[in-house]
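See structure below.
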Amino acid sequence: MTHKQILEKIGFEQLAKAVEEDLARVINIAMSFKKGGSINDVSAYAIPLLLTRWNCVLFADKGVSQYYKEKVALTLAILFHKYGLSDKSITDEAIKAIDKLNDDVVLSDDFFNKSGRIKDFLKTKPSELKRKPRKPDNLTFFRANDIVSIKLDVKYYVAYIHKLTGVNEAPILEFYDGVFETIPEMGELNKLRAKGQKFNDGKMRIANFAIYGMKYQPDLAGQIHLIGSDENIELKPNNSNLEESIGLFTVSNLFFIQETIKKMFYE
């Protein structure tokens, strides 16, 4: 039995592709850091970053279609195993998901009949990758003037997409200076100031970020939500109180931006 064969039995190709693209990006980063000596363990670095995104589905109490959590848990476990990552909590959730999908007769008879083999396969120790996975193409389905929320733990942070890099490669966004308990509505953003970033000179400056890997709309991980799209100048973050930016934007991705948000809003 192979990872591909199990994924085919779930029958959610786009979910598997989205998870695999996230894994490829973060493992490339982790393996580079390990080679450079800044981290010791790829799993210990990659898994928390990945789960910060995908826990938005696994821990969701609403807004998730029936059996989607189970399919996400199982897909994560399969692809973690494929890419040499080991996380007992995800494996355990995948085992529970298999039972739930079988109890409710969600998937095929073939999946049911091979469930024992799938469980045994997921419990085996994965083989550590010897080389970096192929990087996914840079592509985004978000557009200029979109306003999005990004969930981090239990809070929501909102950003305005000014434009895209290249030909629909990555959105360049700027954060509003606000932290929300739920996904805000457009009216709550009117005339909000922009959230600046403190640079080495001690000044708070305009901060724009190109987020590579911010591809799917809707986001299958449930971390990024499109609030709306509007060219109304009043809805753009008001950055008149900030110093000029250094450079056009900072190159980032779905994983680095998580740490950037923490620093910008809480340090």
Side-chain angles (χ1 to χ4, degrees), residues 1-27 43 46-83 85-124 126 136 141-142 148-156 181-183 213-227 254-255 258:
M1 182 164 291
T2 67
H3 303 97
K4 181 180 179 181
Q5 288 171 335
I6 304 172
L7 290 170
E8 287 174 347
K9 296 181 194 310
I10 301 172
F12 202 151
E13 184 178 351
Q14 194 159 28
L15 171 61
K17 185 177 180 181
V19 173
E20 196 152 16
E21 287 175 351
D22 275 3
L23 276 161
R25 286 185 186 279
V26 77
I27 289 173
S43 285
I47 289 172
L49 294 173
L50 286 159
L51 291 185
T52 296
R53 263 183 60 66
W54 289 93
N55 278 344
C56 295
V57 170
L58 297 179
F59 292 162
D61 55 6
K62 59 181 179 179
V64 177
S65 60
Q66 192 175 23
Y67 305 117
Y68 187 57
K69 287 185 183 183
E70 287 77 14
K71 291 178 181 180
V72 167
L74 183 51
T75 300
L76 284 170
I78 295 163
L79 289 171
F80 274 22
H81 193 278
K82 177 182 176 179
Y83 283 86
L85 303 183
S86 180
D87 185 83
K88 185 177 183 302
S89 66
I90 288 298
T91 302
D92 290 345
E93 287 301 312
I95 301 301
K96 293 177 186 176
I98 290 170
D99 291 338
K100 176 66 174 175
L101 293 169
N102 282 333
D103 288 345
D104 292 359
V105 198
V106 177
L107 301 180
S108 66
D109 289 343
D110 188 50
F111 178 84
F112 176 82
N113 293 331
K114 293 177 179 174
S115 292
R117 291 175 60 191
I118 294 171
K119 291 178 182 180
D120 291 341
F121 181 82
L122 292 177
K123 291 175 183 176
T124 61
F141 296 118
F142 290 92
V148 299
S149 73
I150 300 176
K151 187 177 183 182
L152 197 60
D153 298 322
V154 296
K155 304 293 185 181
Y156 295 85
E181 300 293 326
T182 59
I183 298 173
M214 186 173 154
K215 177 178 180 179
Y216 294 99
Q217 204 294 103
D219 178 22
L220 281 82
Q223 185 181 33
I224 301 168
H225 290 270
L226 177 65
I227 298 174
L254 287 172
F255 306 105
Q258 294 175 169

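The residue from Asp104, Asp103, Asn102 that alone fulfils the side chain to side chain donor-acceptor pair (under 3.5 Å) condition with Lys100 is Asp104.
When side chains are defined from C-beta on, Pro126 does not count as touching Lys82, because their heavy atoms never get closer than 4.5 Å. Side-chain atoms of Leu254 and Lys215, non-hydrogen and from C-beta on, never get closer than 4.5 Å to each other. Side chains of Glu181 and Tyr156 form no contact here, defined as non-hydrogen atoms less than 4.5 Å apart. Residues Ile118 and Phe111 have side chains in contact (heavy-atom distance under 4.5 Å, counting atoms from C-beta outward). Between Leu85 and Leu23 there is a side-chain heavy-atom pair separated by less than 4.5 Å. No side-chain heavy atom of Ile78 sits under 4.5 Å from any side-chain heavy atom of His81. Counting heavy atoms from C-beta outward, Gln223 and Gln258 have side chains that approach closer than 4.5 Å. Side-chain contact check for Phe112 versus Leu101: every heavy-atom pair is 4.5 Å or farther apart.
Annotation for Glu20 and Leu79: closest pair N-CD1, 3.9 Å, computed over non-hydrogen atoms. Summarising the geometry of Ala16 relative to Thr75, their closest heavy-atom pair is CA-CG2, 3.9 Å, with the distance given to 0.1 Å. The two residues Ala221 and Cys56 have their closest heavy-atom pair at O-CB, 3.3 Å. Smallest separation of non-hydrogen atoms from Leu220 and Val57: O-CG2, 3.6 Å.
Taking NE2 of His225 as the reference point, atom CD1 of Ile183 lies at 4.0 Å (rounded to 0.5 Å). Distance check, rounded to the nearest 0.5 Å: CZ of Arg53 to CD1 of Ile150 gives 9.5 Å. If you take CD1 on Ile90 and CG on Leu122, they are separated by 11.5 Å, rounding to the nearest 0.5 Å.
Phe121 has its ring centre less than 6.0 Å from the ring centre of His3.
In this structure, Glu93 pairs ionically with Lys96, as a charged nitrogen and a carboxylate oxygen lie closer than 4.0 Å. Using a cut-off of 4.0 Å between Lys/Arg side-chain N and Asp/Glu carboxylate O, Asp109 and Lys114 are scored as not salt-bridged.
Within the structure, side-chain hydrogen bond (donor to acceptor under 3.5 Å, both in side chains) pairs that include any residue of residues 54-66 comprise Asp22-Trp54 (at least two apart or interchain). Counting only residues at least two apart or in different chains, ring pair (Phe, Tyr, Trp, His ring centres under 6.0 Å) contacts with residues 57-76 comprise Phe12-Tyr68.
Asp87 and Ser89 are linked by a side-chain donor-acceptor pair at a separation below 3.5 angstrom, with hydrogens and angles left out of the test. Side-chain N/O atoms of Tyr216 and Glu21 include a donor and acceptor closer than 3.5 Å.
Within a 6.0 Å radius of NZ in Lys9, more than 12 heavy atoms belonging to other residues, nucleotides or ligands are found.
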